[in-house]
**Student:** 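Have a look at this one.
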2 protein chains.
Amino acid sequence: MLSYKESHTLILNNVSRFIDLTELEKQKYISLLSEIKVKKKGFLMQAGEVTQYEYFISKGCLKVYTLDEDGAPHISMFAIEDYWTGDISSFMTKEPSRYYIKATENSELLGISRANYDVLFQEIPKFEKFYRILYQRSLISYIRRSNHGISFTAEERYINFKKKYPQIVKRITQKDLAAYIGITPEFMSKIITKVNRK
Amino acid sequence: MLSYKESHTLILNNVSRFIDLTELEKQKYISLLSEIKVKKKGFLMQAGEVTQYEYFISKGCLKVYTLDEDGAPHISMFAIEDYWTGDISSFMTKEPSRYYIKATENSELLGISRANYDVLFQEIPKFEKFYRILYQRSLISYIRRSNHGISFTAEERYINFKKKYPQIVKRITQKDLAAYIGITPEFMSKIITKVNRK
DNA sequence: TAAAAGTCTTAAACTAGTTCATTTTTTTTC
DNA sequence: GAAAAAAAATGAACTAGTTTAAGACTTTTA
């Protein structure tokens with residue numbers, strides 16, 4: 001029985017939630033991953049590039065966002081330890097991404113390249129199941145979120161986010177939270193003042 | 001070479017976009033499906049029930065929606081021929097659904113039950129790949145849509161929807177479109193008048 | 001550790017979208 | 001094919017969220 005470095009243990013635990021791997025498969029899987037570090041304010045990728053990796057975060061915090069025609073950011077997700085991130089659309093189609101991924105803390109990631117993603121399915125077909133379930137679960141939460149944005153007021157969306165992701169709220173700026181909730185930083189400030197007053 | 005009924009040809013074509021099945025596998029797959037008909041205004045399922053099936057629409061049009069505390073509907077998708085629908089969350093967790101699915105036209109569907117979904121993966125593991133890709137693609141469009149709702153004005157959302165789904169716009173009421181876009185029917189009416197005037 | 005840059009707060013004037021009420025038009029039903 | 005029901009249009013008064021601008025507070029950087 002080998003012993004793994006911290007980041008590898010973390011990703012193997014993540015994978016083992018949905019599928020069981022033999023020791024050999026674990027080693028094979030890890031051999032397909034690259035280690036990546038990004039400093040705070042550094043970019044993991046920028047709009048216009050074709051995504052090279054899907055990422056697993058072993059340490060840190062990142063934001064995934066687009067810029068609209070006015071240059072205003074719209075954050076689509078915050079990713080912290082034990083989360084997966086990237087631009088699955090660009091990763092699959094090999095077309096240029098519209099997203100930026102920027103570290104809001106010094107971060108460490110494991111990445112699987114597009115080529116190795118294909119190798120993975122050939123060598124360990126079980127990973128079809130892993131990704132089937134991973135995408136299924138992400139899909140459930142995005143279906144919910146896509147209704148959320150149009151069905152709730154900004155104040156309700158803030159309260160829900162804070163309840164669901166208390167650890168994340170503490171690690172990000174109010175301004176970034178506003179860009180995620182879909183309002184101006186000024187209105188975010190008003191909401192927080194109002195909610196705390198209660 | 002067998003010949004299949006229309007709905008079966010349609011679903012086999014859909015599946016064959018992502019995986020290749022042998023003749024035997026096709027027959028096995030079809031044996032796991034149930035045929036379902038719903039009349040216009042009829043419910044395929046209602047909130048509070050545990051979802052029994054995932055559905056493929058071979059004919060007709062349906063809307064998937066929740067009701068908020070005020071009883072106002074929020075439509076999360078319209079499903080027409082060659083689309084998949086259901087409540088994937090309730091289907092997987094076996095918890096009661098919060099969704100209603102109602103036919104807006106007389107419709108015909110093929111359903112796979114939760115039990116047969118598990119059998120399917122055991123007997124034809126290739127379907128892990130099919131669902132991996134199906135969920136991946138749905139995920140891409142829901143990620144996009146979840147930003148959409150908070151990043152664009154109602155008028156922009158309407159224009160985008162009309163451009164992307166011109167066939168659907170023609171088949172649904174303005175009121176239902178409003179419940180999808182996330183605005184009141186009155187404001188939807190104003191937007192349409194304004195956009196057509198241009 | 002001082003200066004610079006970025007974040008947060010507050011407030012006044014504005015705009016997108018809601019609510020409520022009424023009338024007209026279209027669709028459904030018997 | 002007439003009556004009933006539902007959908008669409010219109011308008012006036014309202015509310016949630018934006019814009020712009022300025023000052024206070026915090027964090028980053030040299």
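Each chain gets a letter, A, B and so on, in the order the sequences are listed, and its residues count up from 1. Keep in mind that this is a model prediction, so the values were computed, not measured.
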**Student:** Ring centroid separation for B:Phe121 and B:Phe127, is it under 6.0 angstrom?
**Tutor:**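 Not under 6.0 Å, so no.
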**Student:** Which nucleotide, C:dA11, D:dA8, C:dC8, lies nearest any side-chain atom of B:Thr173?
**Tutor:**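 Comparing C:dA11, D:dA8, C:dC8 against the side chain of B:Thr173, the answer is D:dA8.
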**Student:** In whole angstrom, give the distance that lies between atom CD1 of A:Ile172 and atom P of D:dT26.
**Tutor:**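 Those two atoms, CD1 and P, are 19 Å apart.
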**Student:** Tell me the interatomic distance from B:Phe187, atom CZ, to D:dA12, atom C1', rounded to whole angstroms.
**Tutor:**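 Atom-to-atom, B:Phe187 to D:dA12, this comes out as 15 Å.
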**Student:** OP1 or OP2 of C:dT9 sitting under 4.0 Å from any side-chain N/O of A:Thr193?
**Tutor:**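 No, because none of the side-chain N or O atoms of A:Thr193 sits under 4.0 Å from OP1 or OP2 of C:dT9.
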**Student:** Nearest whole Å is fine: how far is C:dG17 P from B:Lys190 NZ?
**Tutor:**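 Answer to the nearest Å: 11 Å.
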**Student:** Which listed nucleotide (C:dA21, C:dG17, D:dT18) is nearest to the side chain of B:Ile183?
**Tutor:**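 The answer is C:dG17, which lies nearest to the side chain.
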**Student:** Roughly how many Å is it from NZ in B:Lys63 to C1' in D:dA7, rounded to a whole number?
**Tutor:**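 Rounded to whole Å, this separation is 12 Å.
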**Student:** According to a strict under-4.0 Å criterion, is B:Thr184 in side-chain N/O contact with OP1 or OP2 of C:dG17?
**Tutor:**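 The answer is no; no side-chain N or O of B:Thr184 sits under 4.0 Å from OP1 or OP2.
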**Student:** Expressed in angstrom and rounded to an integer, what is the separation of B:Glu186 atom CD from C:dT22 atom P?
**Tutor:**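 Distance check: B:Glu186 CD to C:dT22 P gives 14 Å.
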**Student:** Look at the side-chain N and O atoms of B:Ser189 and state whether any lies under 4.0 Å from the OP1 or OP2 oxygen of D:dA8.
**Tutor:**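 No.
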**Student:** Can you measure A:Lys194 atom NZ to D:dT15 atom P for me and round it to whole angstrom units?
**Tutor:**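 Atom-to-atom, A:Lys194 to D:dT15, this comes out as 12 Å.
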**Student:** Which nucleotide sits closest to the side chain of A:Lys175: C:dT7, D:dT10, D:dT18?
**Tutor:**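 Given the options C:dT7, D:dT10, D:dT18, the side chain of A:Lys175 is closest to C:dT7.
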**Student:** Looking at D:dG17, D:dA21, D:dA7, which one has an atom nearest to any side-chain atom of A:Ala154?
**Tutor:**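 Given the options D:dG17, D:dA21, D:dA7, the side chain of A:Ala154 is closest to D:dG17.
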**Student:** Taking the nucleotide of DNA chain C with the closest heavy atom to each, which residue, B:Lys41 or B:Arg157, is nearer the 5' end?
**Tutor:**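 Nearer the 5' end of the strand: B:Arg157.
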**Student:** Would you compute the distance between atom CD1 of B:Ile11 and atom OH of B:Tyr29 and round it to the nearest 0.5 angstrom?
**Tutor:**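 Atom-to-atom, B:Ile11:CD1 and B:Tyr29:OH are 3.5 Å apart.
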**Student:** Have a look at A:Thr153 and say if it touches a base, only the backbone sugar-phosphate, or nothing, with a 4.0 Å heavy-atom cut-off.
**Tutor:**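 A:Thr153: backbone/sugar contact only, no base atoms under 4.0 Å.
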**Student:** For A:Ile192 and C:dT9, give me the distance from atom CD1 to atom P, rounded to whole Å.
**Tutor:**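 These atoms are roughly 7 Å apart.
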**Student:** Using a 6.0 Å distance limit plus a 45 degree cone around the ring axis, check whether B:Arg157 lies over the aromatic ring of B:Phe187.
**Tutor:**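 No, B:Arg157 does not sit over the ring of B:Phe187.
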**Student:** Is the shortest heavy-atom distance from the side chain of A:Glu6 to the side chain of A:Glu108 under 4.5 Å?
**Tutor:**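 Side chain of A:Glu6 against side chain of A:Glu108, heavy atoms only: no contact under 4.5 Å found.
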**Student:** Would A:Ser90 and A:Thr51 count as having a side-chain donor-acceptor pair, cut-off 3.5 Å?
**Tutor:**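 A:Thr51 and A:Ser90 do have a side-chain donor-acceptor pair below 3.5 Å.
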**Student:** What is the distance, to the nearest angstrom, from the OH atom on B:Tyr158 to the C1' atom on D:dA8?
**Tutor:**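 Answer to the nearest Å: 13 Å.
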**Student:** For the side chain of A:Lys40, counting heavy atoms from C-beta on, which of D:dT20, D:dT28, C:dT18 is nearest?
**Tutor:**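 From the listed options, D:dT28 comes nearest.
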**Student:** Looking only at side-chain atoms of A:Gln174, point me to the closest of C:dT9, D:dT18, D:dA8.
**Tutor:**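 Closest nucleotide among those given: C:dT9.
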